[in-house]
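Some notes on the structure that comes next.
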Amino acid sequence: MCGIVGFTGCTQAAPVLLDGLRRLEYRGYDSAGVAVFDGERIEMVKASGSVEHLAELTDGGAKLRGTSGIAHTRWATHGAPTDTNAHPHLSENGRFAVIHNGIVENFAALRAELEGEGYVFASETDTEVVAHLLEKYYDGDLKRTVMRTASRLEGSYVLGVLCADEPGRLFCVKEAGPLILGLGVGENYFASDVTALVSRTKNVIYMDDGEFAELTSEHITVFDRTGREITKTVSHVVWDIEAAEKGGYDHFMMKEIMEQPRAVKSTVEPRIRDGKICFEDFDLSRAELESYNKIVITACGSAYHAGMVGKYVIESLCRIPVECELASELRYRDPIIDGHTLLIVVSQSGETADTIAAMRECMGRGAHCLAIVNVVGSTIARLADSVIYTHAGPEIAVATTKGYTTQLAALYLFAVWAAGLLGRIDEARYAGLVSSIRALPSQVQRAIDLNVHVKYLAERWHELKSLFFIGRNIDYAAAMEGSLKLKEISYIHSEAYAAGELKHGTIALIDEKRLVVALCCQEALFDKMVSNIQEVKARGAKVLGLAPEGNRRIFAEADDVLYVPRGEQLFTALPEMIPLQLFAYYIARENGCDIDKPRNLAKSVTVE
Ligand code: F6R
C-alpha cells in the first residue's frame, strides 16, 4: 500500500517524482503529495485525490523548483484521505519532510510524548510523529538523526526523508515493506516498486529490512541497522517500460487479461526441458520430498484461491495431504508445523504483510519454504528457502489476472514434478500432464477467442444486485476467484459456494432476481452440477453455465453458456478463469467503475 518515490539529481525533481507516482498509483490512490528542496526551504504540495490532480496543481511539477525531493501516493490507514493527512508531512520547523509506507504501531505513545514536549500536530496520521522526531533529534548529523528516529519506531515503516539543511541528500529506511534503490547517471532514486524506476534506470538495489540508505546525485550508500556501511548487489531489471504501460488498451486489467497466453508461457516454457520439468532456482531430492508428511499452502486473496486449486491438484497427483490456509489466519494460530512440513507461499507482489508474517511463523517452526512469486527480489522471494518465479511481468491493475493464472501454472508444474519424483504417476501420465501444461498458453488464447459474447452477457446482467458462483472440487476453488474478481471491480455483491452446500442454508437467498454462475468443467461431476442447477432454477434463478467446449447438455440446463476449451481436467481452473475475468471486466465497465483502481483497494497489501 502507499507508493513512495525519491529523486536527487541535477534536473528538476518534481516532474520525475510525478512520473514515478503515476506508476505507483496502483498501490494507493486516495491522496498524493510531493516535496522538493528549492535551495532554501522545502516546497510542498499535497492534496486528496489522484496523482493527476496533484499534477494539475503543480503544472506537471513545473511549479516546484529544486533538484531533490520525495513524493507519495496514499492508501489511508490512520486518518481520512484529506489534504492534511496526505503525505509528505513536515516537521514543525519545516526543515524536514517525510513520506511513509506502513504503520507506526506505537504512534499514539510517541505522539503523546511529543505533544508533552510542545510539538503541535497538523494531521491525524501516524507518520507525522516521524517528522517531529527528526526535528527533535537533529544535531547536524542527518544519518545519526535518521537512525535515532527509526530506533524509536515500532511496526512497519518504509520512510523517505528530505532535510532542508542537507541539500541534495536524501535518506530512506526500510522496515517491513518494499524499497528499491535506482542507480542513474548523475542522479539516483528510491521507490516502492521498480515500475517507478524503469523509465530512468534498470540498475537497482533491493533493500532488506533494517537497512537504510543515503542518496546524493553521485552516490548511494547503504547501511545496516547499526549504521555500518554494507555492500549490496546491483540487479538488472529485465523488462522494458512498455510492459508497465497500457499499450493501447483502455485499462491495465484488459491488457493483462490479453497478456495471459504469453505470461503463462513464460512461467511454463523455461521449466520444461526434453519433456522433463526442472526448476532453475529450486530443487529437492526424492528423499527430501519424502521427508515431508504434509504440505501447507498459505497466501491471501486471489493467491489463496490459487492455493486452493493447488491443494486439489497436488493431493490428487502426489497423494500428500495438503492444507491451504489464509495467511492472516495462519499467522495467529498455533499451527502443527515442523521440519516435516513443506510450506508453499503464493504471492504476486511478494510483499503482502500477512503472507510474510505467516511464512516467518512457519519457517520459525522448521518448515522448508518454497515461494511462488512474481516480483523478482521481493521480500517473500528473498526470505524463502526456494523460489519459483512466475515471470508474469509487471501487473499494474489492482485486480489480479495474469498474476493468478501464472500462479496456477507454477502450482501445476510443481505438482507434476513432485508426483514424478515421488513415483506416484507413471511415465505415460507424466508425459501427458507435461504436454497438457505446455498446451495451457494456447488454451488461454482459445478461451479469449471463444468468448466474444461475454461483453454482450455483461450488458445483459450488469444491473444485478447480487449473484452466486457455484462449483464442485476444482470448480469450487475457481468459483471463489471468479466471485472475487466480479465483486472487487464492479462492487456487485457476489458469493462463491460449493454447489452441494447451497441447500444447507444459502438457498434461502435464491429467487427470480438472482443469477447463479455454475462452473461445470469437472466432467465427472457434471451430473451433480446439473442437480444443483435444477435446484436453483426451481426457485426462479437464472443460470450462466460454464462447461467444456462441445458439451451440448449444458444448453438444456443453463440460460446462457460460456465455453471453456477442453484440456486436462486437473488444469481446468486456468482456462476457466478467462471468461470469468472478462465477465467481471465488462460488467464493471458497463457500470462505469474505475476498473484499474477499485474503491478502497490497493494492489500490494503491505500492512496488516
Ligand atoms: C485480488 C487481488 C488480491 C491479492 C492479495 C494477495 O484481485 O489481487 O486479493 O491476490 O492481496 O496479493 P499478493 O499475491 O501480492 O500476495
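Values below: all heavy atoms of this structure, side chains included; hydrogens, waters and symmetry mates excluded. No experiment lies behind these values; they were computed from the predicted model shown. In each ligand, atom 1 is the first atom listed, and ligand 1 is the first ligand listed. Counting begins at 1 with the first residue of the sequence.
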Return yes when N374 approaches ligand 1 closer than 4.0 angstrom through a heavy atom, no otherwise. no

Heavy-atom contact check, 4.0 Å cutoff: does K485 meet ligand 1? yes

Among Q581, Q407, E259, E256, which residue satisfies the side-chain hydrogen bond (donor to acceptor under 3.5 Å, both in side chains) criterion with K402? E259

How many angstroms lie between CD1 in I297 and CG in L370, if you round to the nearest 0.5 Å? 9.5 Å

Should the proximity of E488 to ligand 1, defined as any heavy atom under 4.0 Å, be assigned to the side chain, the backbone, both, or neither? side chain

For the residue pair C521 and E576, what are the closest heavy atoms and their distance? SG-OE2, 3.4 Å

Less than 4.5 Å apart, any side-chain heavy atom of R382 and any of V387? no

Quick test of your reading of the structure: of G403, A299, S302, whose heavy atom lies closest to atom 2 (C) of ligand 1? S302

Atom indices of ligand 1 within 4.0 angstrom of A399 heavy atoms, with elements: 7 (O)

Here the pair of heavy atoms bringing L181 nearest to A213 is CD1-CB, 3.9 Å

Distance to the ring centre below 6.0 angstrom and angle to the axis at most 45 degrees; does that hold for R200 and Y189? no

Per atom 8 (O) of ligand 1, closest listed option by heavy atom (V373, I356, V346, V398): V398

Would you say that L343 contacts E361 through its side chain, given a criterion of any heavy-atom pair below 4.5 Å between the two side chains? no

P598, G350, C300, G301: member with heavy atom nearest to atom 6 (C) of ligand 1: C300

Provide the number and element of each atom of ligand 1 under 4.0 Å from a heavy atom of A303. 10 (O), 14 (O)

Applying a heavy-atom cut-off of 4.0 Å, say which part of T400 lies close to ligand 1: side chain, backbone, both or neither. both

Sub-4.0 Å atoms of ligand 1 with respect to non-hydrogen atoms of S349: 13 (P), 15 (O), 16 (O)

